[in-house]
Number of protein chains: 2
Amino acid sequence: MFDVFKSYLSSKIAITDEEFELIKSLGILKKLRKRQYLLQAGDSWKYDAFVCKGCLRTYRVDDKGQEHILGFSIENWWTGDRESLLSGTPAQSNIDALEDSVVLLFTHENFLHICHEIPAFNELINGILARSFVALQNRIHASISYTAEEKYQNFLKTSPQLANRVPQSMIASYLGISAETLSRIRHQSLKK
Amino acid sequence: MFDVFKSYLSSKIAITDEEFELIKSLGILKKLRKRQYLLQAGDSWKYDAFVCKGCLRTYRVDDKGQEHILGFSIENWWTGDRESLLSGTPAQSNIDALEDSVVLLFTHENFLHICHEIPAFNELINGILARSFVALQNRIHASISYTAEEKYQNFLKTSPQLANRVPQSMIASYLGISAETLSRIRHQSLKK
DNA sequence: AAACATCCTTGACATTTATCAAGTGTTTTT
DNA sequence: AAAAACACTTGATAAATGTCAAGGATGTTT
């Protein structure tokens with residue numbers, strides 16, 4: 001599974017074999033079965049995690065017991081709880097596997113070490129963070145501006161890889177609408 | 001106005017006089033009168049901007065002509081359109097001044113130069129980006145999970161500096177609810 | 001194969017929130 | 001000082017969306 005990460009890196013930056021050996025020596029592969037937690041709310045999160053295979057979700061549970069999905073992570077994406085990582089506080093979010101999955105974990109200390117040793121890697125990570133920021137901002141825009149139907153259409157446009165991979169009810173949760181409303185929207189859209 | 005930026009920096013990182021002279025030589029002070037645009041949708045954005053004084057808003061206008069506020073920026077915050085900056089595309093957002101304001105502009109080229117010359121500055125900026133990311137994620141959580149009233153209460157908690165500074169109708173826009181609904185929520189909350 | 005769980009759909013109804021319109025006090029402009 | 005623009009409120013009504021409940025289809029476990 002390290003090779004997944006290697007081809008990911010090679011496609012983004014120039015990296016020598018020695019550099020990759022360093023990275024490899026600091027990474028921990030972890031297999032997750034469907035439904036297994038990678039992180040449970042209340043625990044603290046200490047890693048940077050790369051998804052080699054599968055699909056995970058990050059979600060929070062409110063007072064009434066309802067789940068709200070903050071995001072999905074599939075192959076070649078990063079996941080984790082940045083808030084817990086940065087501030088050392090217990091995580092508010094849960095992360096679990098929607099499919100059997102494999103993630104590559106780096107303790108944040110090791111991760112920073114890699115960033116320091118391999119400037120191109122550092123650049124890559126900063127670029128990802130900056131683009132994720134833009135994506136979140138666009139998601140906020142959608143969230144405060146769009147109707148339920150527009151939110152769904154926008155989701156299909158921005159996340160086509162997910163549309164047929166995660167349950168519809170989770171897409172609804174991700175969009176902040178009820179599963180029933182999404183079902184009706186899809187039904188109506190067919191007629192057009 | 002450069003002194004505002006200097007005390008900001010000094011409060012966050014150790015910085016020498018020479019380093020600050022470099023920064024000063026690359027920054028451009030710009031005064032904005034109330035209502036004046038810093039950026040208009042369609043133009044491209046080339047800067048990193050620090051707010052020395054005043055208050056700005058970032059917003060988008062939808063097909064129906066409605067404004068949706070993505071964020072506010074007051075003294076000691078950064079502003080700009082990262083999407084346009086990173087991708088070179090025309091900005092989707094407008095930024096204008098809600099009060100007479102002063103911003104300090106750095107072309108992105110100069111900004112990167114400063115980051116390169118002053119590692120502590122670079123660290124500072126990366127930390128801000130990471131924390132902004134967390135803040136956006138929490139805002140998305142609020143947006144998909146909370147009722148209109150909870151959104152407002154959460155706003156009061158997370159942004160007390162803004163609550164009495166920007167018009168109520170703009171807070172409503174920022175939260176993705178109508179101005180009338182916010183007015184009613186405030187009225188009801190008083191009774192409790 | 002039976003029992004069970006999951007996922008999605010559909011209908012009836014309730015609730016939240018938006019929209020439209022009018023009115024009031026306040027600030028800004030002329 | 002008058003006129004205009006702005007900010008907020010309030011009521012009446014409409015529209016969007018949520019909730020509850022039932023049922024069907026599919027896949028999984030026993």
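Lettering follows sequence order; numbering is per chain, from 1.
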Kindly confirm or rule out a cation-pi arrangement of A:R186 over A:Y152, judged by NZ or CZ under 6.0 Å from the six-membered ring centre and within 45° of its axis? no

May I ask you to establish whether B:R139 and B:Y174 are in a cation-pi arrangement, using a distance under 6.0 Å from NZ or CZ to the six-membered ring centre and at most 45° from the ring axis? yes

With the side chain defined as heavy atoms from C-beta on, B:T147 is closest, among C:dC7, C:dT17, D:dA7, to C:dT17

What's touching nucleotides 9-12 of chain D from the protein side, N or O pairs under 3.5 Å?
residue	atom	partner	partner atom	Å
D:dT9	OP2	B:Q168	NE2	2.5
D:dT9	OP2	B:S183	OG	2.7
D:dT9	O5'	B:S183	OG	3.1
D:dT10	OP2	B:H187	ND1	3.3
D:dG11	N7	B:R184	NH1	2.9
D:dG11	O6	B:R184	NH2	3.3

Sorted by number, residues from residues 61-69 of chain A placing a heavy atom under 4.0 Å from DNA chain D are none

Can you tell me the distance, in whole Å, between the [atom1] atom of [X] and the [atom2] atom of [N]?
X	N	atom1	atom2	result
A:N164	C:dC7	CG	P	15 Å
B:I144	D:dT17	CD1	P	16 Å
A:I185	D:dG18	CD1	C1'	12 Å
B:I177	C:dT15	CD1	P	20 Å
A:D100	D:dT28	CG	P	12 Å
A:K151	D:dT17	NZ	P	7 Å
B:Q188	D:dC8	CD	C1'	16 Å
A:E150	D:dA15	CD	P	17 Å

Quick check on A:W78: does its CH2 atom have over 12 non-hydrogen neighbours (other residues, nucleotides or ligands) under 6.0 Å away? yes

request  = Measure up the A:Y146 and A:H141 rings against each other and bin them: parallel (under 30°), tilted (30 to 60°), perpendicular (over 60°).
outcome  = perpendicular

So, A:H68 versus A:D62: side-chain donor-acceptor pair below 3.5 Å or not? yes

Check your understanding: How about B:S178 and B:T181: does a side-chain donor come under 3.5 Å of a side-chain acceptor?
Key -> yes

* To do: Establish, yes or no, whether a centroid distance under 6.0 Å links the rings of A:F5 and A:F50.
  => yes

Practice item. For residues B:F111 and B:Y47, establish whether the separation of their ring centroids is below 6.0 Å. Key: no

Give a yes or no on whether a salt bridge exists between A:D96 and A:R57, defined as a side-chain N under 4.0 angstrom from a carboxylate O. yes

Of A:K34 and B:P167, the one whose nearest nucleotide on DNA chain D sits closer to the 5' end is B:P167

#### Entry: N or O in side chain of A:S169 less than 4.0 angstrom from C:dT6 OP1/OP2
no

Return no unless some side-chain N or O of A:R35 is found under 4.0 Å from OP1 or OP2 of C:dT6.
yes

